[in-house]
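Before any comments, here is the structure.
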Amino acid sequence: MTTDTQASADLRAGPREWLGLFVLTLPTILLALDATVLNLAVPHISADLNPSSTELLWTVDIYGFMIAGFLVTAGTLGDRIGRRKLLMIGALGFGLASVLAATATSPEMLIAARALLGITGATLMPSTLALISNMFQDPRQRGVAISVWVTCFSVGIAVGPVLGGALLEWFWWGSVFLLAVPVMVVLLVATPLLLPEYKDTDAGRIDLASVALSLVTVLPVIYGIKRLAEHGVDAVAIGTLLVGVVFGVVFVQRQRKLADPLLDLRLFKNRAFTAALLVLLLGLGLMGGLYLFITQYLQLVAGQSPIKAGLWLLPAAGALIVASSLTPAIAAKVRPGFVVGGALFLSVLGYALIAMVDSVDGLPLLVTGFVLIYTGISPMMVLGTDLVVGSAPPEKAGSAAAMSETAMEFGIGLGIAGLGSVVTAVYRDEISGALPQDLPASVESTVRDTLAGADAVSDSVSPELLDQAREAFTNGLNLASGLAGAIVAVVAIAAMVLLRHVPAGGDEEAPDADEPGATPAPAEPATAGEGR
């Protein structure tokens, strides 16, 4: 056996690592479920807890705010105290917060519980990705493992609306939160048995000032983006965005001066890392932005119930699962840049189909287009995530995984804000010209605001006006999808160009000497008492 063959064999994961991967898929599925079921439960929560519109908005939004705000801190914390340890702390906290949310007796209690879910949820995803990177040192095996991780996330998205709808049909709204409890119990029992501990033994203490700066950077930016999506350009949105940008500049300058920064900016010197982050941010952002309006089309235009709308989304989720499973085999023979770019062009075709959907019988075309979009983004999710975590040195795996998750959060927020502005502008422009003069002012304002508002006051408006509102919304969806397709086409070309140096077969690129991880070595397990 040659030295290279022996080295490759030493890197290959065994049965224990593959069993450990199953454990790591549990929080992945759970967080995907949690992202989809709450929207179904909102009407039931409103009826039971009677929150104000502001309280209801914060109930929905606070979870994403906290996840986005704490991802960077959680990823770096895992590098320092141990990724397995952080995963178990997060699992315990997430389970307890889920019980608190399920038993909430007031809007304030539910908002607090959702905030805790977001903070603890921020520890789970970077920990799972970092552990996958550490456990699967062989590039090809790591690609397969991340493919399984993405597939399980897709499964959670697929079954979330159906499972959530069934729970709400048979139980009370708190049951959607209790889904997490048995999953977290299994995770806490299995993690010490199957997962090794990894951490950066040379890392210094966490800089608390950097933690605070990261929060006052991310939270205002995320809030500003969501404000733009909901209210358009206003002083509050611009002001909060500027606050976030200013603190972001201060944060970056501080990281450059610290010996042990919260975020190692040297990671961005690696071309594969930076390019993959950019592709993930734009590609997933546009898809996530359009997803929101596709679900609205299914329910408000096509008239589907929440459960039926979830079933109509299953073909796309199934396509995502299949494509994610096949991606490693394709990438073994074709350069990742060309796999990602070529697949994204398939998404462009899907966006083009949705751009032609009408408000009367457009459901088959919409579903077909969404299947193509999901199929096209699968390689990007698998290979992009693999490139991000695989390009970083083992001791920085948690930080790299957190950057991957943060890019996705920002991308989806930007996608919703950007495409939402297009849909809203078209809708309001077209519906304003169709409003009858004798319509009461309050009803007129509600109809002009959103299609959901028009549907809510449907008893007060004529069927013709409601049909015109649906057509106006659909026209906005058409334009947004066309713009998204054009941008994704550019992203596809960029992926081919920026990732052209990454070879096929899952082998590592030959990085520049000054890139982090230029000579990556397997991470050492933690010392006795913290290890396997």
Spatial distance of atom [atom1] ([X]) from atom [atom2] ([Y]) [nearest 0.5 Å]:
{"X": "Leu383", "Y": "Ile146", "atom1": "CG", "atom2": "CD1", "result": "9.0 Å"}
{"X": "Ile373", "Y": "Leu286", "atom1": "CD1", "atom2": "CG", "result": "10.0 Å"}
{"X": "Met184", "Y": "Leu92", "atom1": "CE", "atom2": "CG", "result": "10.5 Å"}
{"X": "Leu131", "Y": "Leu194", "atom1": "CG", "atom2": "CG", "result": "12.0 Å"}
{"X": "Leu124", "Y": "Ile89", "atom1": "CG", "atom2": "CD1", "result": "11.0 Å"}
{"X": "Ser214", "Y": "Phe251", "atom1": "OG", "atom2": "CZ", "result": "5.5 Å"}

Inset, instruction - Would you check if the distance from the ring center of Phe136 to the ring center of Trp149 is below 6.0 Å? - result: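 No, ring centres 6.0 Å or more apart.
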Inset, instruction - Measure from the ring center of Phe370 to the ring center of Tyr374 and say whether it is less than 6.0 Å. - result: yes
Any side-chain heavy atom of [X] sitting closer than 4.5 Å to one from [Y]?
{"X": "Gln304", "Y": "Leu311", "result": "no"}
{"X": "Leu179", "Y": "Val183", "result": "no"}
{"X": "Leu24", "Y": "Met135", "result": "yes"}
{"X": "Pro379", "Y": "Ile330", "result": "no"}
{"X": "Leu110", "Y": "Trp173", "result": "yes"}
{"X": "Leu219", "Y": "Met66", "result": "yes"}
{"X": "Gln296", "Y": "Tyr291", "result": "no"}
{"X": "Pro192", "Y": "Met88", "result": "yes"}

Inset, instruction - Would you check, one step at a time, whether the test side chain to side chain contact (heavy atoms under 4.5 Å, CB included) holds for Ser98 with Leu117? - result: CA-CA 7 Å; Ser98 297; Leu117 283 171; 3.4 Å; yes
Distance-minimising heavy-atom pair for [X] and [Y]:
{"X": "Gly244", "Y": "Val221", "value": "CA-CG2, 3.8 Å"}
{"X": "Gly224", "Y": "Thr240", "value": "CA-OG1, 3.3 Å"}
{"X": "Pro27", "Y": "Thr128", "value": "CG-CG2, 3.5 Å"}
{"X": "Arg84", "Y": "Glu197", "value": "N-OE1, 2.8 Å"}
{"X": "Pro328", "Y": "Ser147", "value": "CG-CB, 3.5 Å"}
{"X": "Ala319", "Y": "Thr375", "value": "CB-OG1, 3.2 Å"}

Do side-chain atoms of [X] reach the backbone of [Y] as a donor and acceptor pair under 3.5 angstrom?
{"X": "Ser378", "Y": "Ala323", "value": "no"}
{"X": "Thr123", "Y": "Thr120", "value": "yes"}
{"X": "Ser324", "Y": "Leu320", "value": "yes"}

